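As the structure is a computational prediction, the values presented were derived from the model and not from experiment.
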Amino acid sequence: MNYGLLTPVDILTAASLLVMVGDIFLPKDYKPSLAAFAAFGVAVTLGAVLKQFFVGRQGSIWSYSVGHFNLYFQIVFLLGTLLTIGSSIYFLRRGREAGEYFSLLLLATLGAMLLVSSANLLTIYVSLELLSISSYALVAFRRDARSGEGALKYFLLGGMSSAVFLYGTSLLYGLSGSLDLRLINLHYPPAGNAHLLFLAAMFLLVVAFGFKVALVPFHMWAPDTYEGAPTPVTAYLSAVSKAAAFAVLLRVLITAFPAAAPWWRETFAILSVATMTLGNLAALRQNNLKRMLAYSSIAQAGYVLIALAVPTAATLSASLFYLMAYTFMNIGAFAVLAYTDAVTGKEDVESVAGLGLSLPWAGLCLTVFLLSLGGLPFTAGLMGKFFLFYGAVAGGSVWLAAVALGNSVLSFFYYFRVIRYLYWVPAKETHKWPSVWPWGLTVGTAALVTLFLGVYPAPLLALARMSLPVIP
Amino acid sequence: MNPYLLTSVLLLALGTVGVLIRRNPLVMFMSIEMMWNSANLAFVSFSRHWLSQGGQVFVFLALTVAAAEVAIGLGIIVLVFRYRHQIDADQINSLKG
Amino acid sequence: MFSAYLAILVFCLLAAALAGTFSLVAGLFGPRRPSERKSEAYECGIRHPPPLPKHFPAKFYLLGMLFLLFDLEAVSFYPWAVDLHRLHGFGLLEMLSFIVVMAVGYVYVWRKGGFQWQ
């Protein structure tokens with residue numbers, strides 16, 4: 001047994017427990033330093049994961065598997081968590097609740113890491129719940145009416161989705177006598193009517209993960225939850241949590257149900273179109289920036305779903321590339337909002353009016369993120385979209401690529417509206433913008449990475465190609 | 001069809017209907033619990049069918065996870081109640097759906 | 001043929017001995033302050049059970065929840081105990097880490113005042 005494979009998750013577990021212990025034993029004045037400790041813990045974990053990715057041993061230990069696919073997503077989650085920690089600092093400026101907040105954040109990330117590495121439906125369930133339960137608490141963290149409402153909706157729909165997951169899992173267990181994804185694959189296709197039950201169970205799992213990814217028929221919770229949650233938590237949910245659910249969806253479908261691909265491909269083509277179209281149309285109508293970005297993140301998930309509608313090596317590696325790029329641009333955009341929300345106390349589009357002039361660097365970074373989300377040249381977003389759409393065309397699904405392209409054009413309208421406010425609409429009131437260096441570092445890094453990936457995407461794309469989910 | 005499985009399907013259906021038509025978050029949550037337990041029942045009966053322990057272990061873990069979820073859920077419901085003094089899902093609409 | 005039940009007999013004797021020791025030690029060394037209330041028939045220490053309130057105070061949920069959580073986590077010991085002979089040292093290590101995580105949670109709740117009744 002190679003227990004060394006568990007090193008990264010061990011480190012992260014220890015870090016989250018230490019943050020909790022620090023929260024109860026540190027004197028009040030020292031609590032804000034827990035943010036630095038949490039960031040340090042995540043960075044060390046990231047180092048361990050990177051080592052496994054590039055030089056370390058890979059393999060599996062019981063139902064925990066360590067391969068390039070799992071590690072790639074773990075890197076995405078850890079980078080997203082680092083960015084979230086950086087953007088949380090100003091939100092938690094009183095700092096007294098830092099221990100609770102960061103231990104929950106680290107536990108959620110631990111759940112995401114375990115989720116993407118699980119090869120067994122039992123561990124998938126437990127890690128999914130670790131991620132979900134920590135997220136419910138994080139959404140309610142502002143402890144006001146809106147935060148509570150968002151959390152309640154997330155919680156009720158999340159509870160329902162986990163019931164759906166449980167029932168699907170129990171059916172799969174009943175049909176195959178096993179909870180191991182690889183063994184379930186061996187039982188497919190079963191004879192006779194059991195085939196339909198198998199498909200039903202598979203679709204129950206798809207629905208459950210679809211809730212987490214916020215695919216369109218199952219997205220009802222997302223806008224309210226994203227609006228009610230503290231902005232850094234919104235960033236985390238819309239990037240890390242979403243990527244985790246997408247990764248496990250990919251893994252379950254490709255490991256356990258490769259033979260049922262004709263069934264789920266069609267489904268995801270429809271879900272993809274519905275998700276991107278409805279997300280973009282709803283985003284057009286929003287005046288609240290957070291809500292607009294919430295719908296935009298629903299639409300972005302629609303683009304990534306192309307990889308499941310046309311599962312070829314090209315689209316799958318493109319989706320991996322896009323999720324990494326999306327983590328930077330989306331959390332970056334929310335990080336800017338987290339700061340402007342906290343300073344102006346407003347969330348509507350007027351809150352960033354004139355920001356490009358009063359706070360040039362932040363305005364510039366937000367512009368970069370929005371252009372990247374829309375998919376303009378020299379940004380990571382364009383590269384990701386290009387690879388995805390091109391992969392769809394190469395995979396024989398021209399219509400899907402065309403719909404996605406049309407949607408991208410549609411999305412320019414609302415992204416450019418914000419940019420117009422940034423530079424061409426003067427601010428109604430003046431604010432004093434305090435300087436917060438961890439926040440500045442976060443936003444600056446995210447913007448630089450977004451630009452870098454847009455100009456020179458080859459290395460990351462090569463890594464994504466290395467990390468394709470293996471079809472057994 | 002096995003009577004246990006039949007019961008489990010009935011419980012699932014009742015739970016789903018409960019979540020969809022009841023508006024009190026506590027009752028909705030009870031219905032969700034019922035859905036979880038319908039899956040647990042199915043797990044135990046499948047476990048018996050295959051004479052394997054996997055399903056029973058799953059039920060144990062599902063129960064503990066459900067307890068954690070209840071803890072968070074009730075906390076959230078109390079939080080919402082404290083601000084609104086009413087627990088009716090239709091009244092909780094300051095965020096437009 | 002009864003040898004299989006020998007272990008149960010030993011277990012019963014051990015349990016009886018342990019319980020007996022405890023009562024004996026408590027009787028010998030414990031302080032003795034008999035009162036009218038104490039010498040009554042034992043009914044959980046309450047003389048006349050008060051009528052149950054129709055609603056529990058919302059605060060009670062916290063204590064109830066904590067009880068439920070720590071109570072239910074113990075169920076994780078069962079599958080572990082069943083498979084212990086196959087898990088060897090690693091099983092012990094796993095359970096030890098489980099208990100450490102639980103203990104951190106317990107201390108956390110304690111220090112945060114989660115067990116305060118008022």
Side-chain angles (χ1 to χ4, degrees), chain A residues 120-123 125-130 132-137 139-180 204 220-221 223-228 286 288 291, chain B residues 2 5 8-9 11-12 15-16 19-20 25 28-29 31-47 49-52 54-55 57-62 64-66 68-84 87 89 92-97:
Chain A
N120 183 302
L121 285 168
L122 175 55
T123 35
Y125 172 67
V126 174
S127 35
L128 183 68
E129 292 296 310
L130 179 58
S132 308
I133 293 175
S134 317
S135 321
Y136 303 147
V139 171
F141 207 83
R142 271 198 325 210
R143 296 209 177 94
D144 57 13
R146 282 199 327 158
S147 189
E149 257 184 66
L152 184 64
K153 280 179 185 159
Y154 191 23
F155 170 73
L156 286 176
L157 288 169
M160 218 171 140
S161 86
S162 73
V164 168
F165 175 85
L166 267 181
Y167 211 85
T169 308
S170 78
L171 279 183
L172 282 179
Y173 176 67
L175 289 165
S176 66
S178 166
L179 291 166
D180 193 297
L204 286 179
M220 301 81 80
W221 59 274
D224 290 348
T225 303
Y226 286 3
E227 191 186 334
Q286 303 304 323
N288 182 314
R291 213 173 163 79
Chain B
N2 185 319
L5 289 181
S8 123
V9 171
L11 276 177
L12 181 75
T16 315
V19 178
L20 295 179
M28 288 167 81
F29 186 42
S31 310
I32 289 174
E33 288 272 350
M34 205 197 266
M35 292 169 75
W36 288 341
N37 284 319
S38 73
N40 285 346
L41 185 60
F43 261 120
V44 174
S45 39
F46 284 135
S47 182
H49 173 252
W50 291 102
L51 296 176
S52 81
V57 173
F58 203 119
V59 172
F60 277 157
L61 282 165
T64 53
V65 167
E69 199 139 340
V70 173
I72 284 288
L74 285 187
I76 292 170
I77 292 175
V78 168
L79 174 75
V80 171
F81 184 72
R82 188 180 296 159
Y83 281 97
R84 317 217 23 127
I87 38 173
I92 300 173
N93 56 2
S94 75
L95 297 174
K96 289 284 180 297

Problem set entry | Least distance between heavy atoms, Leu156(A) atom then Pro25(B) atom | CD2-O, 4.2 Å
For this session: With rounding to the nearest 0.5 Å, note down the distance linking OG in Ser176(A) to CH2 in Trp50(B).
Result: 7.0 Å
For this session: Please tell me if the side chains of Phe81(B) and Leu152(A) come closer than 4.5 Å, counting only heavy atoms from C-beta onward.
Result: no
For this session: Using non-hydrogen atoms and a 4.5 Å limit, figure out which bit of Val65(B) sits close to chain A: side chain, backbone, both or neither.
Result: both
Problem set entry | Nearest atoms (heavy-atom pairs only) where Ile133(A) meets Ala68(B) | CD1-CB, 3.9 Å
Exercise. By ring pair (Phe, Tyr, Trp, His ring centres under 6.0 Å), which residues pair with Tyr154(A), not counting sequence neighbours?
Worked result: Tyr136(A), Trp221(A)
Problem set entry | Considering all heavy atoms, the nearest Phe155(A)-Ile76(B) contact | CB-CD1, 4.1 Å
Exercise. Checking Ser162(A) against chain B: side chain, backbone, both or neither under 4.5 Å from a heavy atom?
Worked result: both
For this session: Determine the interplanar angle of the Phe43(B) and Tyr173(A) rings, folded into 0 to 90°, and report it as parallel if under 30°, tilted if 30 to 60°, perpendicular if over 60°.
Result: tilted
Exercise. Among Ala62(B), Ala42(B), Ser45(B), which residue forms the greatest number of heavy-atom pairs with chain A at distances under 4.5 Å?
Worked result: Ala62(B)
For this session: Can you see which heavy atom on Phe58(B) is nearest to which on Leu179(A), and at what distance?
Result: CD1-CD1, 3.6 Å
Exercise. Atom OG of Ser134(A) and atom CD1 of Ile72(B): how far apart are they, to the nearest 0.5 Å?
Worked result: 8.0 Å
Problem set entry | Atom group of Leu130(A) that falls short of 4.5 Å from chain B, counting heavy atoms | neither
Exercise. What heavy-atom pair brings Thr16(B) and Met160(A) nearest, and what distance separates the two atoms?
Worked result: CG2-CE, 4.3 Å
Exercise. At a heavy-atom separation under 4.5 Å, does Ser47(B) approach chain A through its side chain, its backbone, both, or neither?
Worked result: both
Seminar exercise, completed: chain B shares the most heavy-atom pairs under 4.5 Å, among Val126(A), Asn288(A), Val139(A), Asp144(A), with Asp144(A)
For this session: Mind running side chain to side chain contact (heavy atoms under 4.5 Å, CB included) on Val9(B) and Tyr167(A) for me, showing each step along the way?
Result: CA-CA 9 Å; Val9(B) 171; Tyr167(A) 211 85; 3.4 Å; yes
Exercise. Any idea which of Gly148(A), Gly174(A), Ala163(A) has the most non-hydrogen atom pairs under 4.5 angstrom with chain B?
Worked result: Gly174(A)
Seminar exercise, completed: On a heavy-atom basis, the closest approach of Glu149(A) and Val80(B) is N-CG2, 4.0 Å
Exercise. Where on Ser178(A) is there a heavy atom nearer than 4.5 Å to chain B: the side chain, the backbone, both, or neither?
Worked result: neither
For this session: With sequence neighbours excluded, tell me which residues meet side-chain contact (heavy atoms from CB on, under 4.5 Å) with Leu79(B).
Result: Ala140(A), Arg143(A), Tyr83(B)
For this session: First locate atom CG of Leu122(A), then atom CZ of Phe60(B), and finally report the distance between them rounded to the nearest 0.5 Å.
Result: 12.5 Å
